[in-house]
Amino acid sequence: MGESDEVRAAVGSEGPVLPFPRVLVKVSGEALMGPEPFGLHPPTVSAIARDLAALRERGCEVAVVVGGGNILRGARVAGEDLARPTADNMGMLATVMNALALEQAVEKAGVPARTMSAIAMPSVCEPYARQQALRHLRRGRVVILAGGTGNPYFTTDTGAVLRAAELDCAAVLKATNVDGVYSADPKTDPNAVRYEHLTHDEALARDLKVMDAAAFALAREASLSIIVFSIRDAGAITAAATGAGRATLVSP
Ligand code: UDP
């Protein structure tokens, strides 16, 4: 059985299987916002942190890339008076704020965590360095990766795929507001069909928006599996990692 068959079999199966020794979880800024219109919702941050801690306690090494859209998106605020690279730097700083909140919440849930930022700010958190991140992961720490790729014009989805490839993660668990990838927007189209499994090529051919184009191109290039699932239910991250939840698997 090939690697992708194993992943498919594991994700499709019931029960407490841990198919992935190491995963990268992408948590958007919006997921941390909970019911609020902006910023952080502490009970939601704590619930996500408990889920990450539970996954770690089940033996999976956990890296996390956090977004910043609950605070600032560069493309949205850039304009005549604010250059896009500056606006994007502000967006990357927003991800650091989220990462620090999540780091503390994971520690409160009883699992050691380390924030590493692509933009060096050593008095606040560690600068991202691959070898050091791998060391933390092997020692059982949840590694929270802030600052996206460290470059403007990118998104934290691209940062998630990049770090997952660099850190040899078996899959990217992409937490969203819907329980997978649909043929059309399920909020507006009652005939939208949810896919259980897609290949990267199928997602491209059907023009399905799994991630933004740069992120998806990198995932395809790196043959990285992506699991798209809804963060809304308690324990959703662990469920996605064990194949117990509703999700779409995108694999080579
Ligand atoms: N950003 C960036 N480079 C990156 C990652 C993020 O410039 O590699 C900036 C960009 O302005 C983006 C913001 O940070 O809008 C917040 O990230 P993102 O929109 O991906 O957050 P999410 O939608 O996941 O909350």
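Excluded from the calculations below are hydrogen atoms, water molecules and symmetry mates; all remaining heavy atoms, backbone and side chain alike, are included. Each ligand, and each atom within it, is numbered from 1 in the order the structure gives.
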Inset, instruction - State whether R220 and D201 are salt-bridged, where the test is any N-O pair (Lys NZ or Arg NE/NH1/NH2 against Asp/Glu carboxylate O) under 4.0 Å. - result: yes
Inset, instruction - Find all atoms of ligand 1 within a distance of less than 4.0 Å from any non-hydrogen atom belonging to G69, and give their numbers and elements. - result: 21 (O), 22 (P), 25 (O)
Inset, instruction - Return the residue, atom name and 0.1 Å-rounded distance of the protein heavy atom closest to atom 20 (O) of ligand 1. - result: T156 OG1, 2.5 Å
Inset, instruction - State whether a side-chain donor-acceptor pair under 3.5 Å links H197 with S251. - result: yes
Inset, instruction - Please report the shortest heavy-atom distance between V66 and A99, naming the atom on each side. - result: CG2-CB, 3.6 Å
Inset, instruction - Report yes or no: does a heavy atom of K26 sit under 4.0 Å from some atom of ligand 1? - result: yes
Legend entry - contact_flag L72 ligand 1 heavy-atom lt 4.0 Å: yes
Inset, instruction - With heavy atoms of T149 as the reference, note each atom of ligand 1 found under 4.0 Å away. - result: 4 (C), 8 (O)
Legend entry - Proximal ligand 1 atoms for S28, defined as those under 4.0 Å from one of its heavy atoms: 24 (O), 25 (O)
Inset, instruction - Return the residue, atom name and 0.1 Å-rounded distance of the protein heavy atom closest to atom 23 (O) of ligand 1. - result: R73 NH2, 2.6 Å
Legend entry - Residue and atom name of the nearest protein heavy atom (relative to atom 14 (O) of ligand 1), distance in Å to one decimal: G91 C, 3.1 Å
Legend entry - Nearest candidate to atom 16 (C) of ligand 1, where distance is taken over non-hydrogen atoms, out of G68, G74, A146: G68
Legend entry - Check against salt bridge (charged side-chain N to carboxylate O under 4.0 Å, His left out), K209 and D207: CA-CA 6 Å; K209 304 279 180 282; D207 197 25; 2.9 Å; yes
Legend entry - Identity and distance of the protein heavy atom lying nearest atom 5 (C) of ligand 1: T155 C, 3.3 Å
Inset, instruction - Measure the distances from the heavy atoms of P152 to every atom of ligand 1 and state whether one is below 4.0 angstrom. - result: yes
Inset, instruction - For T156 and K26, test the side chains for any donor-to-acceptor distance below 3.5 angstrom and give the result as yes or no. - result: yes
Inset, instruction - Step through the shown structure and confirm whether more than 12 heavy atoms of other residues, nucleotides or ligands are within 6.0 Å of CD on E126. - result: yes
Inset, instruction - Among L100, T115, N98, T95, find the one that has a side-chain contact (heavy atoms from CB on, under 4.5 Å) with I144. - result: T115
Inset, instruction - Please verify whether a non-hydrogen atom of N151 lies at under 4.0 Å from ligand 1. - result: yes
Inset, instruction - Considering the heavy atoms of G67, write down every atom of ligand 1 situated less than 4.0 Å from one of them. - result: 21 (O), 22 (P), 24 (O), 25 (O)
Legend entry - Q132 CD: over 12 foreign heavy atoms closer than 6.0 Å: yes
Inset, instruction - Output yes when a side-chain donor or acceptor of E30 lies under 3.5 Å from a complementary backbone atom of N70, and no otherwise. - result: no
Inset, instruction - Quick one: pull up SG in C169 and CD in E61 and give me the separation to the nearest 0.5 Å. - result: 8.5 Å
Legend entry - N/O separation below 3.5 Å, D157 to ligand 1: no
Inset, instruction - State, without any angle test, whether H136 and R141 hold a side-chain donor-acceptor pair at a distance under 3.5 Å. - result: yes
Legend entry - Any N or O of F154 closer than 3.5 Å to N or O of ligand 1: yes
Inset, instruction - Give yes or no for whether the N/O distance cutoff of 3.5 Å, strictly under, is met between V27 and ligand 1. - result: no
Inset, instruction - Give the residue and atom name of whichever protein heavy atom lies nearest to atom 7 (O) of ligand 1, and the separation in Å to one decimal. - result: D88 CB, 3.1 Å
